[in-house]
Amino acid sequence: MTDMPDSQELKSLAMAAIDAKSADLIGIAEHILNNPEPGFREEKTARFVESKFEEMKISYQSGIAITGIKAVLDTGRPGPTVAVMGELDSLKVLGHPHADPETSAAHACGHHCQIAMMLGTAIGLQASGVMDQLSGRIVLIAVPAEEYIEVEYRDDLRRAGKIEFLGGKPEFIRLGALDDVDMAMMTHTSANANEGKIAFGGTNNGIVAKRIQFLGKASHAGGAPHAGVNALNAAMIALSGIHAQRETYRDQDTVRIHPIITQGGVAVSSVPADVRMETYVRGKSVEAFLAASVKVDRALRAGAMAVGGSVNITTLPGYLPIHSDETMLGLYEQNAAQLVGQENLVRLTHRTGSTDMGDVSQIMPVIHPYVVAAEGNGHGDDYIVTNYELGVITGAKGMAMTVIDLLSDDARLANKVKEEYDAPMTKDQYLSLMRSMFHEGSYIE
Amino acid sequence: MPTIQDLKAMAQAAIDDRADWLLEISKTVLANPEPGFHEYKTASYVGSKLDELGIAHQDGIALTGIKGYLRGGQPGPTVAVIGELDSLRVLGHPHADAETGAAHACGHHCQIGMMLGVAVGLMAAGVQEELAGSVALMALPAEEFIDVGFRYGLHKEGKLGFMSGKQEFIRLGIFDDVDMAMMVHTSSSAEDGKFALGGTSNGHVTKLVNFIGTAAHAGASPHMGVNALQAATVALNALNTQRETLQNENIVRMHGIMTHGGVAVNSVPADVRYEGRVRGRTSEAIADGSMKMDRCMRAGALIMGGKVSIVTLPGYMPMINNPTMTGIFRENAEHLVPANEIITHPDDLNRGGSTDMGDLSQIIPVIHPYTGAAVGAGHSTDYIVEDYVQAVINPAKAMAMAVIDLLAGGSAKAMEVLDGYSPVMTKDQYVNFQNSRLVEELYDGEK
């Protein structure tokens, strides 16, 4: 037993293995970048990831939550299960240089790097001699639909019974695909120059989403506008109302409400009678975004009321605020410092975006660090990953090293994380909370 | 026995004799503008002028209104000649009262001169006794439907039933003994020539809207407040989107003013008030516009989580000019100005504005011609009467001559007017209809 490697030696082995496959891993990221698919539509991307698992001889289960994949690296020894996640889906951003010209799908949030990081983590852990020193299991998850977009499409999937929740991780939770997972990690790219090279910790906003349909009455817009009821005007009034409410939100609640109109009429010569919107209502706490959701509904109802039309509002549970596990963060920080230097680490405070990793964080310890490998505006047409070494290779190493910390030494630290974790809620409580946010209403006043 | 032409010549000569007196009266009223139901000084001044003429008068009708009679030599119908006492309020008008903003930016001051001029003409020696019937000389308050909150307060105190002069005169029975009525309004529109006859005007309803929110420190705790000003602005945006649903032929006008928009910039406005008006060609069009205004106001309150109180007040009714009286007036006007400068508008030409002479036109025959004597835009800072002969003397003569036509010769013409007239509604129907349009609502979207 004297030649048993210590965890630093295991990390070196893992890093060397990742470095050896560096070009392949970056190639994977670039392949996905060039084949963007939005959430619950990541069929090609999923096939591609599956082919990589096959190359790596890792058994996997596919088709979870439509396109999700779950693979297992089992040490054969008892111990906790650590999930390493990568997100399959792209955004949609018109005019992004890597956008699919047909669908506008574009990796304007760097998820393509996550898949490569997740596979890179696996490569590191598969390095000769590493798994032998670990206990427990590593679950590799390619998860669909982190970007909560195409609400109408997804709500139709929901109505068709294909999903219940509109994000990949909530679906994984609901389906029990995380029942055997004790803690989870993933690494996201960032373009924020104030976040050093690696940023971690902090919190995120939670969300409810709304699918909105204003119904009016079509009529010749020139010949008989008086006989119509203009649903687009209803939407405009509702938007004015939403803006008028903004001063009522407390700064510390970081409320964000940002609708889009997905259908604004069908012919300019006909009074719009069916106008559709989607919006998020975000906030730092569940209470904050639910209170804001009530106000938004008032504005939507008022828009319909003012023109004498009606409005259908479907409120959909979105994502919950994230809480990172401090012990896991501490381990990650040490590894990140080793990779990029302590001076290049930034501890985050509150970010006003949202992620369904927040949902996972309600029921198990998680971390969701960022590698600052991109430039431009997140979700903008100029968000480009420019540093693939950091965006894929360093990201993979940081997670592989943290898994080694957790699962080496008979998974002592993973057990500690698991024991010390005080879950905000159980899975059942989580599902109840999410289901309580569903609301469908039709208003004519 | 003098002919009708003789009588008219005598009346015109009498008016010319007192032209300076009449113009001075108009200019004195111009210089002392008082808005509706505030015309105490103006009324007292008009009363003193009637006294000078030796005409007995009843005062304080509908607070400031005046009514006197000239009795003809024989019994017969009563023709009312009306002048309006009230001014508008137009900030910055050259003749505005610096303190109140009151200003005669609609020329009512000339109407008082005209009405007294008609009296002067008919009192000319030998004229009055040739008339079969009476002339009711009336100075009426509050034709401009403004200061709505103030007037609604008077209504609540029981001092007023309706909130304009002619409406209230009708309700009080002051027109019960009047068979037909006339008045002449000044105009600054080139399309009206020297005299304009015929046409119609919009009816309306008026609203007192009160958005009720919750005050809070606007910097420290805006989340604790309910912003009534935001409710109002959203409501007005919503109102603007309704415009495409209004039919051109209904000539609907929806407009208003914000009379109270908050009390301190660092406090979330909790009490915001709006006076709104919905005008239209028909009662149906007004009711449609009124419904649309109401739902927008409710929507504004709902958005902010506040309340809104909406009081809809009965406004004016569309104007119907009596064709026989119009013909009589035109013939007489042709003696005063060239015929090609007298415009008879088609009956359906709607001026867009409103007058409570429209209310009166629903129950008795009336005319409401215009005299082209002013420049500038009506109700604006530049509305100035320039041609006082055309503004006061000529209309006084035209009306005096029209009264002679109606009542001389045994009042045959007046009888012809009455025989050819069928009222749209009786006085009682009118009063009931207007009462039915007074609606008070408190909307609380959250309840």
Side-chain angles (χ1 to χ4, degrees), chain A residues 214 216-217 219-255 270-272 275 283 287-288 291-292 294-311 443-445, chain B residues 211 213-214 216-250 252 267-269 272 280 284-285 288-289 291-306 308 443-447:
Chain A
F214 291 99
K217 189 159 173 279
S219 183
H220 194 297
H226 59 278
V229 174
N230 193 321
L232 183 58
N233 286 343
M236 294 295 130
I237 295 161
L239 290 173
S240 293
I242 286 167
H243 299 314
Q245 294 166 341
R246 291 193 188 280
E247 70 170 352
T248 68
Y249 298 122
R250 300 189 307 169
D251 299 294
Q252 61 266 40
D253 289 331
T254 60
V255 170
S270 178
V271 172
V275 167
E287 296 72 28
V294 169
K295 292 180 183 176
V296 169
D297 283 356
R298 285 204 315 252
L300 299 172
R301 287 162 54 197
M305 173 197 274
V307 301
S310 65
V311 62
Y443 302 93
I444 304 176
E445 350 212 358
Chain B
F211 293 96
T214 305
H217 194 296
S221 52
H223 60 282
M224 303 291 289
V226 174
N227 193 320
L229 184 57
Q230 297 280 35
T233 53
V234 175
L236 294 180
N237 282 333
L239 185 66
N240 286 333
T241 72
Q242 314 288 315
R243 297 192 187 280
E244 70 170 353
T245 70
L246 309 174
Q247 293 177 267
N248 300 107
E249 58 269 31
N250 285 336
V252 176
S267 177
V268 172
V272 167
E284 293 72 24
D288 177 68
M291 176 270 289
K292 288 171 178 168
M293 186 177 275
D294 287 352
R295 72 190 185 196
C296 291
M297 300 299 131
R298 291 186 203 113
L302 173 61
I303 284 168
M304 299 313 296
V308 63
Y443 172 78
D444 182 345
E446 289 299 271
K447 294 288 151 61

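In the text below, chain A, chain B and the rest are named by the order of the sequence lines, each starting its count at 1. Treat the numbers as computed from the prediction; the structure is a model and nothing was measured.
In terms of heavy atoms, A:T248 sits closest to B:H223 at O-CB, 3.0 Å. A:A244 and B:V234 get closest at one heavy-atom pair: CB-CG2, 3.5 Å. Residue B:T245 comes nearest to A:H226 through the heavy atom pair O-CB, 3.1 Å, listed as atom of the first residue, atom of the second, then distance. Minimum heavy-atom separation, B:R295 to A:A306: NE-O, 2.7 Å.
Within the model, atoms CG of B:L236 and OG of A:S240 stand 11.5 Å from one another, a figure rounded to the nearest 0.5 Å.
The 12-atom threshold is exceeded at CE of B:M291, counting heavy atoms of other residues, nucleotides or ligands nearer than 6.0 Å.
Side-chain contact check for B:I303 versus A:R298: every heavy-atom pair is 4.5 Å or farther apart. Contact check for A:N233 versus B:E244: side-chain heavy atoms found under the 4.5 Å cut-off. In this structure, A:I237 and B:N237 have side chains that are not in contact, with every pair of non-hydrogen atoms separated by 4.5 Å or more.
In terms of heavy-atom pairs under 4.5 Å with chain B, the best-connected choice from A:H243, A:R301, A:K295 is A:R301.
In this structure a side-chain-to-backbone donor-acceptor pair under 3.5 Å is missing from B:Q230 to A:R246.
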